Undergrad: 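Structure in structure tokens, see below.
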Amino acid sequence: MSISPFVQSKPIQFTSTVVVEPIYNVLTAMSLLTKPNLNQEREPWLAQTASKLTIAQRESNRLIFEWLGAALVPTAKHNSFENLLTSIEAAAPTELRNLVLKAWLKDGVSADETPERLLKDKDHFLNFVGHHAAISSLNQKMRLALYHLLNEPSVMQSQIVTHLRALWESEFAKEWEKKRSTMHYCVEELNARIWPTQSPNALLQAFIRGAIPDYITAQLSGIQQIIIVPSPYIRLHASRLDSLNTLWVFMLADFWQLPMRTEPIKRGEVKGPANALADDTRLRILELLAAHEELRAQEIIAQLDTTQSTVSRHLKQLSSAQFISEKRAGDANKIYRLNPARVSEFAYTLSALLSAENAKMVLNDVRLEQPTELRPYLDRNGLVSQWPAKWTAKKIVLDYLITKFSEGTQYKETEVNEILNQWHTYDDPVYLRRALVDSGLLGRTSDGRQYWRVAS
């Protein structure tokens, strides 16, 4: 608290990192399976997996994640989900049960409430559950099941392990293994980049590339650390996981979902979508679709004072820019919907284009100093990022690489490789060294021990 109500508070300092986080990754995804408002479009893999659950599995999943979740939180560092299951299985059942009850009572629901009193009397327990905000949604059958599990901690432990292992082995393990290398690659690449540090909002906007969902914004108060977690299961989800100052943000480990690009945003990325918006009729169509869940083409035409061909042309342009989606109505007509995600993405792209960071990246692009024909093969830092197919272009790239060697200097083979590794991105110095020798730009002794730049 400030010593004076007129002194402006300083922003909270925060840090960020990207990690794989195998335990929370899997547990969070499993918990979402029985989330009441699980969105099929936003989380297709989770929704598909949830549809396979039996009624008994759904009840067990709710019971475990919504009311026994404290028993799942790892007390030590585990590098795999299998290790977590082994740890839970090896724990003393009463210790797991006490973790659950401690979490229930930590808010101080009443001064004289204790775990012993809570479990001793069934009616008292059911009354407590009925008034506890986090548990009151349980039906009577599940409340009784919860009461018996807590009074028989070994049975509770067995149900937790059996349920989690069944989900892991039947569904989650295969998807984890499929995306394992992708997740680690994403972590390495994303941690090597510089991300906004002025606020949690700025960081999340850079990752989400659009408006931050309300349920995430609501969790940002007091955040001092954001952990980005590439996930094989979750498209977008955030949770504080009972932490006071840390937010975990799970994002699909997909090159097209995560902000993997290293290039600055270019003006052309904004000009095309902006042209689609630069018309009063097209904006009117977007307003109509924003006011309705969907509209048929004839319904849109009826509300506009223009011809069918003109409206069709506008709809086609908006659809090409992905601001709207279309589908067949079962007849010759089409049904249109607004694509809010695209609108949000365009707004972010425009703001990012005009950000100081993006402008500096454009202005500091070393390719601007190079010949036009060389630029397509370099990244913005001047490293060779792709090898040309045609010899004329190869010669241009080789002429560029040879300038990284000094005339009159003798180089060992390892030194040549080191220099080449500094100036290309795909880790093939041997090929480039041979290409320089074959083209006559780099000389070498017959035993290959010494190399030198051939005088031009």
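Since this is a predicted model, take the numbers as computed values, not measurements.
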Undergrad: Would you call K266 and E269 a salt bridge, taking side-chain N to carboxylate O under 4.0 Å as the test?
TA: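 A salt bridge is absent here (no side-chain N lies under 4.0 Å from a carboxylate O).
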Undergrad: What are the two closest non-hydrogen atoms of Q370 and L378, and how far apart are they?
TA: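 So the two residues come closest at CG-CD1, 4.0 Å.
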Undergrad: I234 pairs by side-chain contact (heavy atoms from CB on, under 4.5 Å) with which of L252, V229, L32?
TA: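 Testing I234 for a side-chain contact (heavy atoms from CB on, under 4.5 Å) against L252, V229, L32 leaves exactly one candidate, L32.
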Undergrad: Could you state the interatomic distance from CZ (R284) to CG (D279), rounded to the nearest 0.5 Å?
TA: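 If I round to the nearest 0.5 Å, the distance is 13.5 Å.
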Undergrad: For V362 versus L368, what's the shortest heavy-atom pair and its separation?
TA: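 For V362 versus L368, the nearest heavy atoms are O-CD1, 3.5 Å.
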Undergrad: With a 4.0 Å cut-off on N to O distance, would you call D399 and K395 a salt bridge?
TA: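 Looking at D399 and K395, the cut-off is met.
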Undergrad: Can a side-chain donor-acceptor contact be found between S325 and N339 if the only test is distance below 3.5 angstrom?
TA: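 Checked: N339/S325 side chains show no N/O donor-acceptor pair below 3.5 Å.
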Undergrad: Would you compute the distance between atom CG of L277 and atom CZ of F346 and round it to the nearest 0.5 angstrom?
TA: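 If we round to the nearest 0.5 Å, L277:CG and F346:CZ are 5.5 Å apart.
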Undergrad: Pick from L220, I228, I227, L241: which one makes a side-chain contact (heavy atoms from CB on, under 4.5 Å) with L247?
TA: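 It is L220, the one option of L220, I228, I227, L241 that forms the side-chain contact (heavy atoms from CB on, under 4.5 Å) with L247.
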Undergrad: Using the six-membered ring wherever Trp is involved, compare the ring planes of F81 and W168 and label them parallel, tilted or perpendicular (cut-offs 30° and 60°).
TA: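 The rings of F81 and W168 sit tilted, inter-plane angle from 30° to 60°.
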Undergrad: Can a salt bridge be assigned to the pair E59 and K141 using a cut-off of 4.0 Å between side-chain N and carboxylate O?
TA: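 Answer for the salt bridge query: yes.
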Undergrad: For the pair W423 and Y400, name the ring-plane relationship: parallel under 30°, tilted 30 to 60°, perpendicular over 60°.
TA: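 Correct class here is perpendicular.
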Undergrad: Sort out for me which residue in E299, K327, E293, E326 forms a side-chain contact (heavy atoms from CB on, under 4.5 Å) with I335.
TA: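 When side-chain contact (heavy atoms from CB on, under 4.5 Å) is applied between I335 and each of E299, K327, E293, E326, only K327 qualifies.
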Undergrad: Between S320 and K316 (side chain of the first, backbone of the second, donor and acceptor by atom type, cut-off under 3.5 Å), is there such a pair?
TA: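 Here the side-chain-to-backbone pair exists.
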Undergrad: Going by heavy atoms in the side chains, are I212 and F207 under 4.5 Å from each other?
TA: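 They are not in side-chain contact.
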Undergrad: List in chain and number order the residues that pass ring-ring contact (aromatic ring centres under 6.0 Å, His included) with W387, two or more places apart in sequence or in another chain; answer none if no residue qualifies.
TA: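 Y431.
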Undergrad: Under a 4.0 Å threshold between the charged nitrogen and the carboxylate oxygen, would E345 count as salt-bridged to R342?
TA: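 So R342 pairs with E345 through a salt bridge.
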